Amino acid sequence: MPRELKYAQAINEAIDLCMARDPSVYLMGLGVPDPKGVFGTTLGLRAKHGDRRVLDMPTSENGMTGVAVGTALAGCRPVMTHQRVDFALLALDQIVNQAAKWRYMFGGKLKVPLVVRLIVGRGWGQGPQHSQSLHSWFAHVPGLKVVMPTTPYDAKGLLISSIEDDDPVIFLEHRWLHGITGPVPEGVYRVPLGSARVMREGRDVTIAAISHMCLEALRAADTLAEDGCQAEVIDIRSLRPLDEKTVVESVRKTGRLIVAEGGWRSCGFGAEIVARAVEQAFPSLKCPPCRIALPDCPTPTSPRLAAKFYPRAAEISEAARAMLGIRETRPPVPASAPLDVPDPSFTGPF
Amino acid sequence: MPRELKYAQAINEAIDLCMARDPSVYLMGLGVPDPKGVFGTTLGLRAKHGDRRVLDMPTSENGMTGVAVGTALAGCRPVMTHQRVDFALLALDQIVNQAAKWRYMFGGKLKVPLVVRLIVGRGWGQGPQHSQSLHSWFAHVPGLKVVMPTTPYDAKGLLISSIEDDDPVIFLEHRWLHGITGPVPEGVYRVPLGSARVMREGRDVTIAAISHMCLEALRAADTLAEDGCQAEVIDIRSLRPLDEKTVVESVRKTGRLIVAEGGWRSCGFGAEIVARAVEQAFPSLKCPPCRIALPDCPTPTSPRLAAKFYPRAAEISEAARAMLGIRETRPPVPASAPLDVPDPSFTGPF
Amino acid sequence: MMDAEILTRLYRGMLRIRIVEERIAELYPQQEMRCPVHLCIGQEAVAVGVCDALDRGDYVFSNHRSHGHYLAKGGDLRSMIAEIYGKATGCAQGKGGSMHLVDLDAGFLGATPIVGSTIPIGVGAAWGSALKGESRVAVVFFGDGALEEGVFHESLNFALLKKVPVIFVCENNLYSVYSPLAVRQPGERELFCIAGGHGVESHQADGNDVLAVRSLAERAVEKARGGGGPTFLEFKTYRWREHCGPNYDDDLGYRPETEFLEWKKRCPIAALRERLLEAGICSDRGIGEMESAVKSEMEAAVEFARRSPWPADTLLMGDVYAS
Amino acid sequence: MMDAEILTRLYRGMLRIRIVEERIAELYPQQEMRCPVHLCIGQEAVAVGVCDALDRGDYVFSNHRSHGHYLAKGGDLRSMIAEIYGKATGCAQGKGGSMHLVDLDAGFLGATPIVGSTIPIGVGAAWGSALKGESRVAVVFFGDGALEEGVFHESLNFALLKKVPVIFVCENNLYSVYSPLAVRQPGERELFCIAGGHGVESHQADGNDVLAVRSLAERAVEKARGGGGPTFLEFKTYRWREHCGPNYDDDLGYRPETEFLEWKKRCPIAALRERLLEAGICSDRGIGEMESAVKSEMEAAVEFARRSPWPADTLLMGDVYAS
Ligand SMILES: Cc1ncc(C[n+]2csc(CCOP(=O)(O)OP(=O)(O)O)c2C)c(N)n1
Ligand SMILES: Cc1ncc(C[n+]2csc(CCOP(=O)(O)OP(=O)(O)O)c2C)c(N)n1
Ligand SMILES: [Mg+2]
Ligand SMILES: [Mg+2]
């Protein structure tokens, strides 16, 4: 039986292996060496690699991102961590104006091999300022690469590829994935940046999903199967570069597309996938594609409103049924079920 | 004959009128009271309204945006100006985490009537850090309104609406529009936020364009008319809220859609328009929609590369011809023509 | 010697925060308050000392650790508890939770958990109010971590440039989450000296001595209201419980047990109680009565919150925009 | 008295920048250099004095006004002029223009026009280099305006925390575009005191006195290389021409004519020339020869740039990513 690890452990192992192999890799971020170790993803690394390479930092997101960029210019490979995507809004000059552009605007003379790990908060009242995803923003910017692994296997393989990559990579981890388990081989392996993965094959509808929404998509596919609908679930994994081919080929096969993501709908990544599918597979489309995304409002804190805010498997399968003309069968989610925790073991507050 | 004004003068007049009517309106930004007056848009305002209401500021984009938000909470109506969109990357915590969310996250108790004027640089070697548009980013954020007027008439009417609006409005001005002239009525009038405008009617193809690209779209429509193709040109004007209806109805009529914008292609606003058209008008579509946008690289500085970087009327008309199966007739742009200035009177450097 | 009324008021203010937060800590494991809570137990004197120097119309802004500031400024207790319970009767209709308290009537304009983010907003509110000819003062509360954010410095610069009637109150509790000052800031200089370098008048005092806090705050308020511009105040204090959540966390080893015990001995509330008793201003019984009054007030608030309705589903998309 | 070789070198360095930029100003109206240029005429002493204290392997970072820093650090003149002309032979293949100069061989790691943006990057480069065991020092040049950006403060804090071998060099030319210091910063404190407040050793000197500049820089470099950490240096100086572009702009009235004339009298180059002549280190003829040598070098560079090919169209999408 293959070894199973948690997603957080897979991240941890990826960093550990890269640090062991390459002395120029170092890890920096608020709370990196603290007793909780960024949701477990950095635990033990300081003991192994020393406090010069595994370090805390001041609450200075923009400045410290600039510092990381500078060390990258000097030949280091920084891995920077922010506990929430929202904090990175302070660092966008350095991420977008600088890191993303230094290679191009200096005519290829410089490179910025920087990984920025950003954690997407969710649940237990993270609310308006601690749960934004913003992957669509990063995916808009030439010069950045953007990945969002869903499985522990991909988390490790993509993080190793990201750290070894010579360009700045935005590595987005959904908080609700840290606790999921899955097979993770020992040692170094790589998942290439720029490749999507078919998680489940099917011929009736393509569900292209991102990050945590892949799990919802798989659940949706299960219930759809009961209704005789074979959904193909694609984990986009890499938003930039994008593996357009895998999505388009699937859409050519199924003729139907649902995109499921955990960001806002308007001008979101879902629109890009829809546009690509329409541009490349127009003649195959049997019906208009459908986007499952966050409604266009900030994240509400109250668990009751949050439960309405986040779309789940049911919304996806409902969309598929509507496309295929299948009658609704699922029982509605009981109103009392807690929908603001990743699993029952989670008891807050973070 | 109606009075003609330059776009920059129209902006100036809008601010002037709002300041005269409402003492809570004030204007702040780097260079606002200086002899060039932010490309002429703020000239003379200080003399009229005093230095307490028309003021320069430190180069502290994030802090000063926060200050503006604070004054808005205290009952003022700040109009903040940045000479380049790129500088606003430093202020995104205040714009996106704060201004966009204070109404919602405090349960409607507070409001932030803030206008942020952002100027999109272009030409004469503005290069990678002085010419980003990023309208797609702002349009992704619930809580923000986003407008991009193309004509002097709309510049004035939309700015008045923006200043009077109770929500934060991102007001994007393309640098190459400041010098164009058009009819502008005297006195106060309003163009509602959230309404697109049909600039030219046609039945064969819908060209939905934004800001400066509307002018290119009109030029394209002219040459298309010579080939017997009637293009309908829609000026989106308001990206958020979006007048989906006007676009969708046009697409239902023409069956063909081209979106032309001055931002990057991937995850850009064009994708949103394509997605909406497909979602709402799928049965009417005769061919896949087409996006004309910036290629996915930073802005190059050399005029030779910049000329390749920016799509123009020819790219739009070519796309339309391809959709309609019309043979190419336009003469190629001569290689020596300067393409990095808005008009021949412009001699640099800004 | 300060007058008895003031001393009693200060005592009651601190006690109220303490009792409210201890009850929150007790109830939190029931998992009905489903949002992060950052308790200020141990730090009550800063909130109470500063807010006591303010008028009701003055503005206060705060950060993630805002319960104390909210209550000290006169924020409504029931609306706060209901907010933490995520209910429609909460001060932000349940949309904000513990990290986004607001009470306009009390001049508590808002708290947000992005470190440093309310500092320029507080400066702006004070300046905007002054532009309108009002004589309001604004206070911004923030932690030692916020000094590391660039926006703090941008705010100081502007506040001094325009002589804005704002008071920067730094609660230096020596830690940012699990990170001691030493890993974040150079040890060779005091925090308040940074503000001094900007040219802003700045002072430091024991943040567990409510009278010391109040007297510095009073002077700063007077100066601000008189057009004298901003002041920066650093108060050293200590958070007793974990950074976020209801528990103690000294088992984690990120801070020395002895340090914690030392600071616990210096409890701001116990210190003032002793003083009140010694000076004969209060009796044991009087203090006991105060305690029970606050406790029943808190029980009623909890009851109110629990019985309050959830926000209606239609609220989800409400108040994104004015219209 | 400093030795003759050094003085001559400093003189030649300043003269070269002056002649190069005056020629740029002359040629600019031909509209072949189609990018913004920010000339440093009048400010040459800071660039030259500081860079003279550096080794070739040391790093320099700069801002929008970078020609002087680039040349003083030993950046290739031909690649710079070709870059400004937008040609493929430019130091950034024409993709960057005047505001994005780079010369890795000379340790000039980069200039960018977002105010303040290279400050943390310079700190990072110095720190990263130190982490790798190298003994490099980094210098970041920036203007008085950059002190208003929060990131400057964040950078100071970290540099001192980690004793990073970096030198912060502020060219205080009293203006940011058309805005005098008085509308941007409180008048009651000197700029270098801000850095002092952070605990960073800081000094101020006449930025038009290349020897004063060099001597402060030398001490700072020695300290940084010895593990003593960062230093902040403020040099007062003055930009003679318009903020951006080739012209004089004192007709606009944003700064007093007398102020400009006063500073012109204090030309750093003229002052050193006088000294060289007086001390008999150079003759009029020697200086004349130096001038002609630089002029022909510049003419050759312009010729080179003009004759160079445009970047190929394929370059447009090149170097966005490594592969
Ligand atoms: C911009 C930003 N960065 C990081 C965080 C994570 N964070 C939440 S509270 C906190 C501690 C801040 O410490 P301090 O300002 O000293 O306040 P204290 O918690 O000690 O009261 C941090 C780093 C955040 N909320 N915002
Ligand atoms: C973040 C940012 N804000 C504003 C600008 C516009 N700008 C370009 S140069 C400049 C002046 C900066 O002044 P200073 O730092 O004193 O440098 P100087 O031009 O005087 O050499 C400004 C404000 C910018 N480039 N970047
Ligand atoms: Mg603290
Ligand atoms: Mg200056």
Side-chain angles (χ1 to χ4, degrees), chain A residues 23-24 26 28 52-53 55-78 80 90-91 93-94 96-114 141-145 164-169 192-194 240-241, chain D residues 59 61 79 83 88 90-97 99-104 109-114 116-132 134 136 138 140 149-159 161-162 164 166 311 315 317-323:
Chain A
S24 67
Y26 76 97
M28 176 166 71
R52 277 168 63 94
R53 293 179 64 201
L55 54 143
D56 212 322
M57 64 175 211
T59 317
S60 312
E61 284 78 5
N62 200 34
M64 293 314 299
T65 307
V67 166
V69 169
T71 62
L73 298 176
C76 301
R77 291 188 173 271
M80 177 142 214
L90 286 154
D93 173 46
Q94 287 297 331
V96 173
N97 283 337
Q98 313 306 332
K101 296 182 174 51
W102 274 56
R103 176 188 292 277
Y104 186 87
M105 78 189 177
F106 290 115
K109 292 222 173 119
L110 292 165
K111 61 178 184 183
V112 182
L114 162 71
V141 179
L144 296 181
K145 292 176 177 170
E164 291 179 352
D165 198 86
D166 270 350
D167 294 311
V169 181
L193 308 182
R240 187 176 191 113
Chain D
Y59 291 147
F61 290 85
S79 312
E83 187 61 33
C91 57
Q93 298 186 314
K95 283 176 171 174
M99 306 195 292
H100 297 285
L101 300 181
V102 63
D103 188 330
L104 299 193
L109 248 53
T112 64
I114 301 290
S117 61
T118 49
I119 302 179
I121 297 178
V123 171
W127 182 55
S129 179
L131 283 179
K132 291 172 63 193
E134 300 164 354
R136 253 189 265 263
V140 197
E149 289 288 359
V151 79
F152 161 70
H153 301 274
E154 297 179 353
S155 304
L156 275 186
N157 179 59
F158 185 75
L161 176 69
K162 297 286 179 189
V164 176
V166 65
L315 274 186
M317 297 301 296
D319 286 321
V320 180
Y321 296 105
S323 46

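Chain A is the first sequence line, chain B the second, and so forth, proteins listed ahead of strands; every chain is numbered from 1. Values below: all heavy atoms of this structure, side chains included; hydrogens, waters and symmetry mates excluded. Treat the numbers as computed from the prediction; the structure is a model and nothing was measured.
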S.K.: Anything under 3.5 Å between a donor and an acceptor, one on a side chain of residues 70-77 of chain A, the other on a protein residue two or more places apart or in another chain? List them.
M.R.:
unit_1: Thr71(A); atom_1: OG1; unit_2: Tyr26(A); atom_2: OH; d: 2.7
unit_1: Thr71(A); atom_1: OG1; unit_2: Ala68(A); atom_2: O; d: 2.7
unit_1: Arg77(A); atom_1: NH1; unit_2: Ile163(A); atom_2: O; d: 3.1
unit_1: Arg77(A); atom_1: NH1; unit_2: Asp165(A); atom_2: O; d: 3.0
unit_1: Arg77(A); atom_1: NH2; unit_2: Asp166(A); atom_2: OD1; d: 2.5

S.K.: Sort Leu55(A) into side chain, backbone, both or neither according to what part of it lies under 4.5 angstrom from a heavy atom of chain D.
M.R.: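 Contact with chain D involves the side chain of Leu55(A) alone.
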S.K.: Could you tell me which portion of Lys109(A) (side chain, backbone, both or neither) has an atom closer than 4.5 angstrom to a non-hydrogen atom of chain D?
M.R.: both
S.K.: What part of Leu144(A) gets within 4.5 angstrom of chain D, counting heavy atoms only: side chain, backbone, both, or neither?
M.R.: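 For Leu144(A), the contact with chain D is made by the backbone alone.
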S.K.: Using non-hydrogen atoms only, which part of Val112(A) is less than 4.5 Å away from chain D: side chain, backbone, both, or neither?
M.R.: neither
S.K.: Heavy atoms only: give me the nearest Ile114(D)-Asp93(A) pair and the separation to one decimal.
M.R.: CG2-OD1, 3.5 Å
S.K.: Can you find a pair of side-chain heavy atoms, one from Ser60(A) and one from His153(D), that are under 4.5 Å apart?
M.R.: no
S.K.: Heavy-atom cut-off 4.5 Å, strictly under: side chain, backbone, both or neither for Lys101(A) against chain D?
M.R.: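 Neither part; nothing is under 4.5 Å.
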S.K.: For the backbone of Gly318(D) and the side chain of Tyr104(A), can you confirm whether one donor and one acceptor N or O come within less than 3.5 Å of each other?
M.R.: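 Between the backbone of Gly318(D) and the side chain of Tyr104(A) there is no qualifying donor-acceptor contact (under 3.5 Å).
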S.K.: Would you mind telling me which of His100(D), Gln93(D), Lys162(D) has the largest number of heavy-atom pairs within less than 4.5 Å of chain A?
M.R.: His100(D)
S.K.: Quick one: closest heavy-atom pair of Val67(A) and Phe158(D), and the distance?
M.R.: CG1-CE2, 3.7 Å
S.K.: Quick one: CE on Met57(A) to CD on Glu154(D), what's the gap to the nearest 0.5 Å?
M.R.: 9.0 Å
S.K.: Measure from the side-chain N and O atoms of Asp167(A) to the backbone N and O of Ala322(D), and report whether any donor-acceptor pair falls under 3.5 Å.
M.R.: yes
S.K.: Ignoring hydrogens, what is the shortest heavy-atom contact between Ser117(D) and Gln94(A)? Give both atom names and the distance.
M.R.: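 That closest heavy-atom pairing would be O-NE2, 2.9 Å.
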S.K.: Heavy-atom pairs under 4.5 Å with chain A are the metric here; pick the option from Thr118(D), Val123(D), Leu104(D) that has the most.
M.R.: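 The option with the most such pairs is Leu104(D).
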S.K.: In Å and rounded to the nearest 0.5 Å, what is the CE to OG1 distance from Met105(A) to Thr112(D)?
M.R.: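 Here the rounded value is 5.5 Å.
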S.K.: Which one, Gly90(D), Gly97(D), Ala92(D), Gly94(D), leads in non-hydrogen pairs under 4.5 Å with chain A?
M.R.: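 Going by pairs under 4.5 Å, I would pick Ala92(D).
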S.K.: Nearest 0.5 Å, please: how far is CZ in Phe106(A) from CG in Asp103(D)?
M.R.: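 Interatomic distance, Asp103(D) CG to Phe106(A) CZ, rounded to 0.5 Å: 11.5 Å.
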S.K.: Of the backbone (N, CA, C, O) and the side chain (C-beta and beyond), which part of Ala88(D) lies under 4.5 Å from a heavy atom of chain A, both, or neither?
M.R.: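 For Ala88(D), there is no contact with chain A at all, as no heavy atom is under 4.5 Å.
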S.K.: Measure the acute angle between the ring planes of Trp102(A) and Phe61(D), then classify it against the limits of 30° and 60° as parallel, tilted or perpendicular.
M.R.: tilted
S.K.: Select one option (side chain, backbone, both, neither) describing which atoms of Ile119(D) are under 4.5 Å from chain A's heavy atoms.
M.R.: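 Neither; nothing under 4.5 Å.
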S.K.: Atom CD in Glu149(D), atom CG in Asn62(A): separation rounded to 0.5 Å?
M.R.: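 Rounded to the nearest 0.5 Å, the CD-CG separation comes out at 8.5 Å.
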S.K.: Indicate the atoms forming the closest heavy-atom contact of Arg52(A) with Ala130(D), along with that distance.
M.R.: NH2-O, 3.9 Å
